[in-house]
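Residue numbers count from 1 along this sequence.
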Amino acid sequence: MQGRVNRISGPIIHASGLGKAGLYDLVEIGENRIIGEIVRIEGDEAVIQVYEDNTGLKTGSPAFSTDRPLSALLGPGLIGTIYDGIQRPLTLLYEQDGAFMKPGGRGNQLDPHKKWHFVPDPALAANLANGKKIKASPGLVLGTVKETESITCKIMVAPDTKGGEIDSLRGEGDYTIFEAAAKTSLGENITIAQWWPVRKSRPAAMRLLPDQPLITGERVIDIFFPLSKGGTAAIPGGFGTGKTMTQHAIAKWCDADVIIYIGCGERGNEMTDVLTEFPQLMDPKTGRSLMERTLLIANTSNMPVAAREVSIYTGVTLAEFYRDMGYHVAIMADSTSRWAEALRELSGRMEEMPAEEGFPSYLPTRLAEFYERAGRVRTLGGQEGSVTIIGAVSPPGGDFSEPVTQHTKRFIRCFWALDRDLANARHYPAISWSDSYSEYADEIKHWWQKINPHWIQVRKKGLDILKQEQKLSEIVRLIGPDALPDEQKLILLTAQIIKDGFLQQNSFDEIDMYCAPEKQVRLLQLIIEFHERAFTCIELGAPMTKITETGLKEKMSRLKSTVKNVRDTVPGNIVPGDFHDFEKEMQTKLEELERAYRSRLVQTGKTL
């Protein structure tokens, strides 16, 4: 179907003659065939948002409808590739056009000529050889392709298959992505790579409870504000508070199988850091390059704004593809504020009525559509997989009351608020323990109790101490710390130990850059034990100076960097190093202090 361009308003184009096209159909415009998408149909006229630079485009230019929605090509070869927001391979475009993409630039999402070694599923092949009828049900695994050393791509029957039975299955061999892995009785070829509309969620058999934590190695996250596999989290913070660095650390150390990093409207230098650092990072699981299980989508702030809007849908579609294979996928979206700004600009170009701060009234709906595609599921093929979404939010001036942050909080269950004062004090990660929260703690407590049965108690006690310290700090500003009783001075001391020795991590320290779950709980448990024993000594009459003279505070602050994560005999199971020496020293010193002051009470005839 062909139409004509009538009106151009930045990335928004009005074209006549496309009234019979479908909503969200892909359109190619002008002589360069730049890519666009129909977002509104008014009679015979279609409103199109284009995903490329349309400088020089004129009214009267032709517009061609492809009669299909914007789709992503899913198959082996995605891992390790760098795409833009509409899944154009940037490395290939750079080789073709140089540093600046030309309008209408094209590149194959996946190499159509590369041959992949296909291994048919043994059980399926045996059943077909024995004459058994196998239904071509969505999610059925036909075979596998070794995509990287870390990821095996499963070739499956697509969710939108026509049905029927498997008529034939390819034998083991090398094939291109558009060759059929199987044929059905209805004449349908099931190719190795398949298309899927990016705005349409891939179906699953059922959703599962988010009762498995996503371990990040960051103590403030895993213990105080945990995130489940299949959960949703937001990292809001002003400029320079460490959103991108926190996401980089999570991408490297979290126990997800596949990482998808979406640079959505971020500055070019930040994406450059990602593109140069990620290939050099070592995957702690395999010892190989982290790029062997990472996929990057780069849509910087100087690239077309409409492609920024669609980039998060492209990213989550790729994530659902690997989820359906039974992998746990983590998405880093940096940042959803820039994505919302793209919505605002496009909405203004389409002359829609603005809502608060100029954002379109459908901003909450679009945020919900994105975050609700996360989840831990039972796939159509009967496997367990998950998509976890961690979205950075960049509120102007660090104002958490602005619309994007407030609407995001409606659809996420984990909120890691970054604090500028902590960032300025070089406290990393700068996650505020007073403004952050997680609603997943109750659902994952059974997992943590298998690691350490005291997890609930030490977590609650640690948070309580930090809350008490926050209240006391206001009093200290008025009257000074010396006017406080020793019990409250101990709260300030313990809170400082928790901040320095537990919450703060050194991303350049080979030991402290990652903290195993067992070590995390044990470290906090020792701090709480110190607090309780020291409190008993103070109740017996010991002055606060006697507690500080033990030197335990300094040693506890250094434990995180001196006690290593040691691998157990079970492969992949990480257990903490030996805390026994410090625990024995702490118990000895505080028990001696307790005995000394208890005996004084006995001598004076006093009791507690």
Side-chain angles (χ1 to χ4, degrees), residues 201 207-216 218 220-238 241-244 246-247 249-251 254 256 259-262 264-266 309 311-313 315-316 319-320 323 328-341 343 356 359 362-377 386-396 398-419 429-444:
S201 176
R207 295 181 76 90
L208 304 175
L209 290 174
D211 55 6
Q212 301 293 322
L214 182 78
I215 300 300
T216 66
E218 304 288 328
V220 64
I221 293 176
D222 292 343
I223 296 293
F224 285 160
F225 312 110
L227 174 63
S228 294
K229 287 179 179 174
T232 52
I235 311 180
T241 52
K243 298 183 296 296
T244 303
T246 303
Q247 285 190 320
I250 294 173
C254 76
I259 303 296
I260 296 180
Y261 189 93
I262 307 172
C264 180
E266 283 302 292
E309 186 268 336
S311 62
I312 63 171
Y313 298 110
V316 76
E320 289 173 339
R323 176 207 68 186
H328 296 288
V329 187
I331 296 178
M332 311 294 159
D334 188 11
S335 84
T336 56
S337 291
R338 307 286 179 260
W339 168 80
E341 288 171 3
L343 276 184
E356 48 188 337
F359 288 104
Y362 49 80
L363 172 63
T365 304
R366 294 292 181 86
L367 283 168
E369 288 175 351
F370 173 57
Y371 282 108
E372 286 173 3
R373 289 177 72 169
R376 179 169 162 258
V377 303
S386 68
V387 172
T388 307
I389 297 179
I390 302 171
V393 185
S394 308
D399 178 17
F400 290 173
S401 65
E402 58 89 35
V404 179
T405 308
Q406 288 300 307
H407 289 309
T408 298
K409 291 176 73 172
R410 295 169 54 190
F411 309 115
I412 53 98
R413 297 184 60 193
C414 197
F415 190 74
W416 300 327
L418 297 180
D419 186 271
I431 296 176
S432 168
W433 44 86
S434 58
D435 297 327
S436 303
Y437 64 84
S438 173
E439 298 177 1
Y440 294 110
D442 287 339
E443 290 163 313
I444 64 171

Give the minimum heavy-atom separation between [X] and [Y], together with the two atoms involved.
X: Gly242; Y: Leu418; result: C-CD1, 3.8 Å
X: Cys264; Y: Ser311; result: SG-OG, 3.6 Å
X: Val220; Y: Pro429; result: CG1-CG, 3.6 Å
X: Ala330; Y: Cys254; result: CB-SG, 4.3 Å
X: Thr336; Y: Gly391; result: CG2-CA, 4.4 Å
X: Ile260; Y: Gly315; result: CD1-O, 3.7 Å

So, taking the atom named [atom1] in [X] and the one named [atom2] in [Y], what distance separates them when rounded to the nearest 0.5 Å?
X: Met332; Y: Ile259; atom1: CE; atom2: CD1; value: 4.5 Å
X: Ile331; Y: Arg323; atom1: CD1; atom2: CZ; value: 10.0 Å
X: Leu367; Y: Phe370; atom1: CG; atom2: CZ; value: 9.0 Å
X: Glu372; Y: Thr232; atom1: CD; atom2: OG1; value: 9.5 Å
X: Ser337; Y: Asp334; atom1: OG; atom2: CG; value: 9.5 Å
X: Glu369; Y: Tyr313; atom1: CD; atom2: OH; value: 5.0 Å

Does [X] reach the side chain of [Y], with side-chain heavy atoms less than 4.5 Å apart?
X: Ile250; Y: Ile221; value: yes
X: Arg366; Y: Trp339; value: yes
X: Tyr371; Y: Ile312; value: no
X: Ile389; Y: Phe411; value: no

Donor-acceptor under 3.5 Å ([X] side chain, [Y] main chain):
X: Lys243; Y: Gly238; value: yes
X: Ser335; Y: Val393; value: no
X: Thr408; Y: Val404; value: yes
X: Gln247; Y: Ile390; value: yes
X: Arg376; Y: Leu209; value: yes
X: Trp416; Y: Phe225; value: yes
X: Thr388; Y: Gly230; value: yes

Could you list the residues that satisfy ring-ring contact (aromatic ring centres under 6.0 Å, His included) with Tyr362, not counting sequence neighbours? none
With sequence neighbours left out, what residues match Asp222 under side-chain hydrogen bond (donor to acceptor under 3.5 Å, both in side chains)? Thr216, Gln520
Quick one: side-chain hydrogen bond (donor to acceptor under 3.5 Å, both in side chains) partners of Thr365, sequence neighbours excluded? none
Sequence neighbours excluded, which residues qualify as side chain to side chain contact (heavy atoms under 4.5 Å, CB included) partners of Gln406? Lys409
Can you list the residues that meet the side chain to side chain contact (heavy atoms under 4.5 Å, CB included) rule with Ser228, with sequence neighbours excluded? Pro210, Tyr440, Ile444
Indicate the ring-plane relationship of Phe415 and Tyr437, choosing parallel, tilted or perpendicular according to the 30° and 60° boundaries. parallel
What residues, two or more places apart in sequence or in another chain, satisfy salt bridge (Lys or Arg N to Asp or Glu O under 4.0 Å) together with Glu341? Arg338
